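Below is one structure, written out as structure tokens; comments come after it.
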Amino acid sequence: MARSQSIASRIRFFSFLLVTLPLCVSLLTFAVVSRILVVGGTHHDMVVELQHHKLTTERWLNEQLQSITFFAHTGISDLHDTAALQQALRVFLNYHTSFSQIFYASPDGSLLTGPELPVPINVGDRGYFQKARQGLPVVSPVLVSRFSHNPSLIFCAPLPFADGRFAGAVIGVTDLRTLDEALLRLHRRQNDQSFLATADGYLLTSRLQENTIILPRYNPEGIPVTRTVLPPEDSLSTPHFYRNTQGVYVLGVRLAFKSGQWLLVQERPVRAMLGGYSWIIAMTMAGALATAALLIPFLLKAGRRITGPIEEISTMSEELTHGHYDKECPYLRTADMPPEIRRLYDNFCFMAERVSQQMRDLEHLSFCDTLTGLHNRRHLAHEGTRTITACTEADLPCSCLMLDIDFFKQVNDAWGHDAGDMVLQSVARTISNAVRSKDMTIRMGGEEFAVIAPATDTASAFSLAERIRRNIESTPVQAADDEIRITISIGVADMGGAPIFGTTQLDDLLAKADRALYQAKKKGRNRTEIWSEKLIAAAPDG
């Protein structure tokens, strides 16, 4: 069977629950809502930033194309002056550092003039040159340059048509690293990655992998072959988390541009995104713990206002149950108690006091002789051993007086039992008036009395006995119109040595005083006799 919980333990449990449960629910709600807000805010920022990247990238591409177009219309004056054309191309490169090479291509696509042109190259089959034939300036897809053999962007602008005929084109080559650098300059966060990819998921620009730059690869035909993981198509409207090709858990968005040929992708690691959020959660948890640390002692203190009085009442009830009726009701500040507990406490203390008083009265009656008011033999058995033990441990003497009224039966026969009771009461008063407060006076039964006198040697006990005997002899008892004169015989013994009679010092002391009393009666009554070893064989009256 499970052990029932105390009120205090239940209050402590519910106090802890009352504080921690709302804090935990609030903290969990805050964490979930904060995460939603952080993710939503980050996603919105990334979409806005990606749109800015798109505009910036498109503007950069247009600026490069406009530079080539302007040069094609104004920078070339004479196609037949090769030296002048070569010089014009070099000047253009000096002022336009985003281009790595620039060439003039003849109407059939042959690269006739340009810096560092070691071998003849023909681009007549390229798509961008075909559009230039139609009079359109164009930016090519990412291609492997036939000159540098590196991934590049080609900006191609036709020269002004002469007599309606295509006069050739100016071709500017931009290394893909230039576009990478342009994208890197757009980053606002160190951990963000932006890159270009094809619509079917092939990497066009470089990206970072474990602090190493990974460049896209192309086959000999210039087709990209490096696969990459792309965000879902609805990433602009809905946040999506996924693991990229580096195995990093990221939030990603993508945006199509250049007529849907390219995708501009931005990724942000979740760990970097939630780093500040985790710090906020940690600080919130610390605040919640601090709040709990402040509230729980307060609630426990408030709970003790209830449990404290109940525990005291419970302890007091156990004391009463075990017979400790002399315990006083504990003092408690009732002003701090709830009114119900205060009434319970007041009523219990009142009842406990009444029970204690009644039990004290009963104990007094059980240890007291109702006729004389003296202690009875039960009290002697209960307290006598304790008194003798205390004297033994303190190395103090202890004496016993055994007293018996002489010819008491004749008093009852001559004057009746009421007169006998009056005699017993008179003798009890005389004995009580003669002894000290620490002495124990007992009615042994009938007309026999005993006195246990601690810290009293034989001589002092004999002196006490004689004083009692003389006082009784000189104090007649009035019974109707008669005076009843009575005498008393006394036996005195002190404690010493090993017990001769019985098994305890008390038994031995009483037996010795009783034999001395027998000797006093034997010698004529109305006298005091002291115990001596000669009386060992003496038999007391039955």
Side-chain angles (χ1 to χ4, degrees), residues 42-71 95-102 127-128 131 136-145 148 150-157 171-209 213-218 222-224 226 228-237 244-245 250-268:
T42 302
H43 177 261
H44 177 265
D45 290 346
M46 290 178 65
V47 170
V48 171
E49 188 173 344
L50 193 64
Q51 290 172 341
H52 174 261
H53 291 357
K54 174 188 174 183
L55 293 175
T56 304
T57 304
E58 287 180 337
R59 184 167 58 247
W60 182 83
L61 292 173
N62 290 332
E63 287 175 355
Q64 311 313 310
L65 184 59
Q66 288 173 5
S67 297
I68 288 292
T69 303
F70 182 77
F71 178 75
Y95 285 96
H96 298 82
T97 57
S98 56
F99 291 98
S100 57
Q101 292 96 24
I102 189 168
Y128 59 85
K131 289 186 177 182
L136 300 175
V138 66
V139 180
S140 74
V142 178
L143 302 173
V144 175
S145 173
S148 64
N150 292 324
S152 304
L153 285 177
I154 309 298
F155 297 87
C156 183
I171 298 174
V173 181
T174 297
D175 193 279
L176 196 60
R177 285 175 294 184
T178 305
L179 185 57
D180 280 341
E181 292 172 359
L183 290 176
L184 288 174
R185 285 195 297 269
L186 296 176
H187 288 171
R188 293 190 302 167
R189 294 177 179 270
Q190 181 179 2
N191 294 310
D192 285 3
Q193 286 201 61
S194 295
F195 58 91
L196 285 174
T198 62
D200 51 356
Y202 288 94
L203 192 64
L204 292 176
T205 59
S206 64
R207 64 179 304 163
L208 194 65
Q209 179 174 341
I213 296 178
I214 305 300
L215 295 174
R217 291 181 291 109
Y218 295 82
I223 300 174
T226 304
T228 187
V229 179
L230 297 177
E233 293 184 2
D234 61 343
S235 60
L236 285 177
S237 58
N244 61 19
T245 52
V250 297
L251 173 66
V253 291
R254 77 181 195 180
L255 186 63
F257 77 110
K258 204 173 183 296
S259 301
Q261 300 177 30
W262 293 353
L263 295 177
L264 183 59
V265 179
Q266 184 174 4
E267 295 176 344
R268 182 172 298 177

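Note that this is a predicted model, so its numbers are computed, not measured.
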query: About how many Å separate OG1 of T174 and CD of Q101, when rounded to the nearest 0.5 Å?
result: 9.0 Å
- line: All heavy atoms of S140 vs all of Y128, minimum pair found to be CB-CD2, 3.7 Å
message: Is there a side-chain contact between E267 and M46 in this structure, where contact means two heavy atoms from C-beta onward sitting under 4.5 Å apart?
response: no
task: Would you give the length of the straight line joining atom CG of L61 to atom OG1 of T56, rounded to the nearest 0.5 angstrom?
output: 11.0 Å
statement: Residues passing the side chain to side chain contact (heavy atoms under 4.5 Å, CB included) test with S98, sequence neighbours excluded, are W60, Q64, T178
message: Can you give me the closest heavy-atom contact between G252 and S235, atom names plus distance?
response: O-CB, 3.6 Å
query: Of all residues at least two apart in sequence or in a different chain, which pass the side chain to side chain contact (heavy atoms under 4.5 Å, CB included) check with V229?
result: Y242, T245
query: Is any side-chain heavy atom of W262 less than 4.5 Å from a side-chain heavy atom of T57?
result: no
task: Starting at CG of L263, measure out to CG of L203 and round the result to the nearest 0.5 Å.
output: 11.5 Å
field: Rounded distance [0.5 Å steps], OH in Y202 versus OG1 in T228
entry: 11.5 Å
- prompt: Which atoms form the tightest heavy-atom contact between C156 and I68, and what is the distance?
  reply: C-CG2, 4.4 Å
- prompt: Of all residues at least two apart in sequence or in a different chain, which pass the side chain to side chain contact (heavy atoms under 4.5 Å, CB included) check with L55?
  reply: E58
Pairing residues for T69 by the side chain to side chain contact (heavy atoms under 4.5 Å, CB included) criterion, not counting sequence neighbours: L65, H73, P137, A157
- line: In this structure, CZ of F155 is separated from CZ of F71 (nearest 0.5 Å) by 15.5 Å
message: If the condition is salt bridge (Lys or Arg N to Asp or Glu O under 4.0 Å), which residues does E63 pass it with, not counting sequence neighbours?
response: none
Taking every non-hydrogen atom, the tightest pair across R254 and V265: CB-CG2, 4.0 Å
- line: dist L264:CG -> H53:NE2 (nearest 0.5 Å) comes out at 7.0 Å
task: With sequence neighbours excluded, tell me which residues meet ring pair (Phe, Tyr, Trp, His ring centres under 6.0 Å) with H96.
output: F92
- line: Hits for side-chain hydrogen bond (donor to acceptor under 3.5 Å, both in side chains) against T42, two or more places apart or cross-chain, chain-then-number order -> none
